[in-house]
Amino acid sequence: MAEQARKTLEERAQMTDLERLRHSCAHVLASAILRIWPDAQLAAGPPVDSGFYYDMELDHRISPEDFERIEAEMKKVVKENQKFERIALSRQEALEMAKSGKLGGLSERSEPSKFKLDILENIPDDEEISIYQNDEFTDLCAGPHVGFTSKCKAYKLMNVASAYYKGDSNNPQLQRIYGTAFPNKTELAAYLEQLEEAKKRDHRKLGRELELFTIDEEVGQGLILWMPKGAVVRQALQDFISEELAVQGYSQVFTPHIGKLDLYRTSGHYPYYQDSQYPPVVDRETLKGLADEGCGCAELSNRLEAGEIDGYLLKPMNCPHHIKIFAATHHSYRDMPVRLAEFGTVYRWEMSGELGGMTRVRGFTQDDAHLFCTPDQVEGEIIGCVNLVKKVLTTLGIKDYRVRVGLRDSDSTKYVGEPENWDRAEQSLRNVATTLQVPFTEAPGEAAFYGPKIDFLVKDVIGREWQLGTVQVDYNLPERFDLSYIGSDNESHRPVMIHRAPFGSMERFVGVLIEHFAGHFPTWLAPEQVRVVPISEKYHEYAETVLAKLRELKGLRVTIDTASEKVGAKIRLAQLDKVPYMILIGAQEEESKQVSIRHRNRGDLGAKDLSTFLEDVESEIRERSL
RNA sequence: GCUCAUGUAGCUCAGGGGUAGAGCACUUCCUUGGUAAGGAAGAGGUCACGGGUUCGAAUCCCGUCAUGAGCUCCA
């Protein structure tokens, strides 16, 4: 990937002060590890967004219980105030050092430092080789570092994980120790505090507490069960999108959740992406016949692949179904573009280690649409799609996002479609991205083989980045399905497809949204918008009449709390449930025929006429205020 | 899928080779209280599942499943 291309020495030298500190901490960690386990084979130890890590191969399985010991050893290294010294040396000298085990070690060892040797062999010939030395520890390293180990005074080992050497799953798995570091203890404490705070917003925790969704083992991994309150949020979001679709001239369609294998043979998704699909569904009679023939699983799989047996696939995407709707009628250039939208549920067999909460699941509903347009319409449609994504993010107050434009590799022939069309589409995406006024990166090589795309990425509470909205141009599927429209020249032409999903998927989007709002959904999205709280049983009757009037505002989600509790407890409960408005009803209200309003964030708002409150809430919901 | 960790009541967790604990939530009763926790009683668990060691396993061992972190992957 271009974003991870090998950095030049100059780029490395541009490390920020914090990165430099963390990089040095990684060396301190390595020194400590080697003092405890001299045989450790070190790989690489760079700074990262949240701290630093060091990868190593070691027979001893490091567990968090070892951290105390390792940190104590690190503390000694820091106290010794060792000098970080840069030494430039020849390739030959470095190789000798690695072979002797001294490089990436404390002294010469019986085994060569194999990872350091491998790294050395991959350093371009024209690049200068340097090592960094602090006390007896020597590491192959381009630097830079802080001057002395004493600068590393605020660090903490965070967790241990595993990573493939060089990120390639064919390579051995190494133990990776993650740590974080800051210039001083105050900043470190603040960061750890912030991490604790972030955990409270985790959508998995809030999803359970607020009863938004659940995942049940017996139903299956990665399959989201939307509970009543979560369903309200989702429905409100879908209604919002549906309104915009009507404005932008989309047509809504519905399609089934499965399709025949042949459909995916035509689209090219079967058998090539089999690993990420639920296995095909084969009808009972066919299965029985095969069983009678003594056909085993492997044989079944082969014959499915060869197309000798038919079956159905849970749909891994909605495109083929929409394409068939497009293809069901003749099209003239006059009725292009055709925009087909559907909240379409798809199923993908994600690897089990990848699943988590609502953000990575095996069944999800895309707010999907496919636009069939003439080549001339592509740019205009891209603009429309991107504006929709922008509107969604703006309405929800999501400002902290990143835009990535996925383009072709410079030198590849793996792409389908005319290069001129690609040039135009890529330029259109670029143009649109610049008008967004948010940072965007161009990512060569990130394009799909079938077309360039633009993705919107946001971070979750623990800093992981998720792709939400996406707009992708597709030159491939119209070809494979032989789609056409009649142009003004009375000739048949190939349309261009655009796939787009402003939310991405309802599951992932709501997951990210829960964290974005920390569960405090704006009134228009809140599962429960108003709660009537009678002060005591004496006022239940009046409270019920207030409730009835509130319910006259159609669609207002309002409940009443008639529990035999004191007001304080009822308010606490409503606060914990994150209900935007509480209406208190007691003697004063019954007397004055008003209601006392409390807002979950703004506190006591005093007494108001019920009609005034209703007008305010109605407009707040209509405007989708934050 | 891989590495490591974790799995005890609805939730948060304590305990730990001798037969199950707390707080919150829940049910009932008392209380009728004005802006974040009134009181009492009760009910609730094959300690994830399967196998092994043992006189005895929730506890130790192995396997499976699930969850978490990271890696890899994401048409």
Side-chain angles (χ1 to χ4, degrees), chain A residues 48 50 53 55 57 61-66 158-178 199 202 204-205 208-209 211 214-218 220-222 264 267-270 272-277 316-317 319-320 346 348-357 359-362 364 448-451 453 455 462 464 466-467 470 472 474 476-477 499 504-505 508 533-540 562-577 582-589 596-600 602-607:
Chain A
V48 289
S50 58
Y53 66 78
D55 283 345
E57 189 177 75
R61 309 307 306 184
I62 292 169
S63 86
E65 286 172 16
D66 295 316
M158 302 300 286
N159 49 50
V160 56
S162 100
Y164 296 104
Y165 178 55
K166 288 185 173 171
D168 184 336
S169 55
N170 297 314
N171 284 336
Q173 276 202 316
L174 307 175
Q175 302 195 72
R176 174 174 293 180
I177 299 182
Y178 277 95
K199 276 189 198 159
D202 191 310
R204 291 166 293 198
K205 178 176 154 70
R208 184 172 50 240
E209 287 172 359
E211 297 178 2
T214 187
I215 299 171
D216 186 279
E217 282 187 29
E218 208 168 354
Q221 266 188 299
Y264 300 101
S267 71
H269 294 108
Y270 191 85
Y272 302 106
Y273 293 103
Q274 258 192 100
D275 286 349
S276 50
Q277 292 160 184
M317 78 286 298
C319 336
V346 298
R348 298 180 189 182
W349 190 260
E350 303 289 357
M351 285 191 292
S352 62
E354 267 312 320
L355 300 170
T359 41
R360 193 73 184 269
V361 295
R362 282 186 176 162
F364 55 95
F449 73 92
Y450 54 75
K453 61 178 183 170
D455 295 322
I462 49 176
R464 284 183 296 206
W466 296 100
Q467 179 188 314
T470 177
Q472 312 186 356
D474 187 344
N476 177 49
L477 288 176
H499 309 250
S505 90
R508 182 176 288 180
V533 179
I535 304 288
S536 89
E537 261 171 43
K538 291 184 208 153
Y539 314 107
H540 279 189
T562 56
S564 159
E565 286 291 346
K566 301 215 293 195
V567 216
K570 291 190 187 185
I571 284 177
R572 177 169 182 272
L573 190 61
Q575 289 286 148
L576 291 175
D577 286 345
M582 288 152 255
I583 293 189
L584 275 72
I585 305 288
Q588 297 160 24
E589 290 72 21
S596 290
I597 316 292
R598 179 189 163 94
H599 185 267
R600 69 180 167 202
R602 284 174 270 148
D604 192 347
L605 302 180

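The sequence lines fix the lettering, A, B, ..., with proteins before strands; numbering per chain opens at 1. Note: hydrogens, waters and symmetry copies are ignored here, and every other heavy atom, side chains too, is used.
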Dump every N/O contact between nucleotides 22-32 of chain B and the protein below 3.5 Å, one line per pair.
residue	atom	partner	partner atom	Å
U31(B)	N3	Ser564(A)	OG	2.8
U31(B)	O4	Ser564(A)	OG	2.6
U32(B)	O2	Ser536(A)	OG	3.2
U32(B)	O2	Glu537(A)	N	2.8
U32(B)	N3	Glu537(A)	OE2	3.4
U32(B)	O4	Glu537(A)	OE1	3.4
U32(B)	O4	Glu537(A)	OE2	2.5

Please determine whether a side-chain nitrogen or oxygen atom of Ser63(A) lies at a distance below 4.0 Å from atom OP1 or OP2 of C4(B).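 For Ser63(A), the contact criterion (side-chain N or O under 4.0 Å from OP1 or OP2 of C4(B)) is not met.
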Within less than 4.0 Å of OP1 or OP2 of A5(B), is there a side-chain N or O belonging to Arg61(A)?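 Checking A5(B) against Arg61(A), no side-chain N or O comes under 4.0 Å of OP1 or OP2.
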Ser276(A): what forms a side chain to side chain contact (heavy atoms under 4.5 Å, CB included) with it, not counting sequence neighbours?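 In terms of side chain to side chain contact (heavy atoms under 4.5 Å, CB included), with neighbours along the sequence ignored, Ser276(A) is linked to Tyr273(A).
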Side chain to side chain contact (heavy atoms under 4.5 Å, CB included) with Ala569(A): which residues, sequence neighbours excluded?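 Applying side chain to side chain contact (heavy atoms under 4.5 Å, CB included) to Ala569(A) gives Glu565(A).
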Scan [X] against the nucleic acid and name what it touches under 4.0 Å (heavy atoms): base, sugar-phosphate only, or nothing.
| X | value |
| --- | --- |
| Pro64(A) | nothing |
| Gly357(A) | sugar-phosphate |
| Gly586(A) | base |
| Arg464(A) | sugar-phosphate |

Are Asp202(A) and Arg204(A) within salt-bridge range, i.e. N to O under 4.0 Å?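 Yes, charged N to carboxylate O under 4.0 Å.
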Please state how far atom [atom1] in [X] lies from atom [atom2] in [N], giving the value in whole angstrom units.
| X | N | atom1 | atom2 | value |
| --- | --- | --- | --- | --- |
| Lys566(A) | G33(B) | NZ | C1' | 6 Å |
| Glu217(A) | U67(B) | CD | C1' | 8 Å |
| Gln588(A) | G34(B) | CD | P | 9 Å |
| Tyr178(A) | A69(B) | OH | C1' | 9 Å |
| Met317(A) | C74(B) | CE | C1' | 12 Å |
| Tyr272(A) | A75(B) | OH | C1' | 14 Å |
| Glu565(A) | A36(B) | CD | C1' | 13 Å |
| Glu65(A) | A5(B) | CD | P | 9 Å |

Map Gly353(A) and Arg204(A) onto RNA chain B by nearest heavy atom, then report which one ends up closer to the 5' terminus.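 On the 5' side of the pair lies Gly353(A).
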Among residues at least two apart in sequence or on other chains, which ones pass salt bridge (Lys or Arg N to Asp or Glu O under 4.0 Å) with [X]?
| X | value |
| --- | --- |
| Glu537(A) | none |
| Glu350(A) | Arg360(A) |
| Asp55(A) | Arg176(A) |
| Arg600(A) | none |

By side chain to side chain donor-acceptor pair (under 3.5 Å), which residues pair with Gln575(A), not counting sequence neighbours?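 Checked Gln575(A) against side chain to side chain donor-acceptor pair (under 3.5 Å); matches are Arg598(A).
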Go through the side-chain N and O atoms of Tyr165(A) and Glu57(A) and say whether any donor and acceptor fall under 3.5 Å apart.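 On atom types as modelled, these side chains do not qualify, holding no pair under 3.5 Å.
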For His540(A), enumerate each residue passing the ring pair (Phe, Tyr, Trp, His ring centres under 6.0 Å) test, keeping only those at least two apart in sequence or located in another chain.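 Here no residue qualifies.
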Please write out each protein N/O paired with an N/O of nucleotides 8-12 of chain B under 3.5 Å, distance rounded to 0.1 Å.
residue	atom	partner	partner atom	Å
C11(B)	O3'	Arg208(A)	NE	3.4
U12(B)	OP1	Arg208(A)	NH2	2.8

Report, one pair per line, the protein and nucleotides 42-51 of chain B atoms (nitrogen or oxygen only) whose separation is under 3.5 Å.
none

Nucleotide pairing, RNA chain B (Watson-Crick or G-U, distances under 3.5 Å), in dot-bracket with [ ] and |: ((((((((.[[[[.)..(..]]]].(((((.......))))).....[[[[[..)....]]]]])))))))....
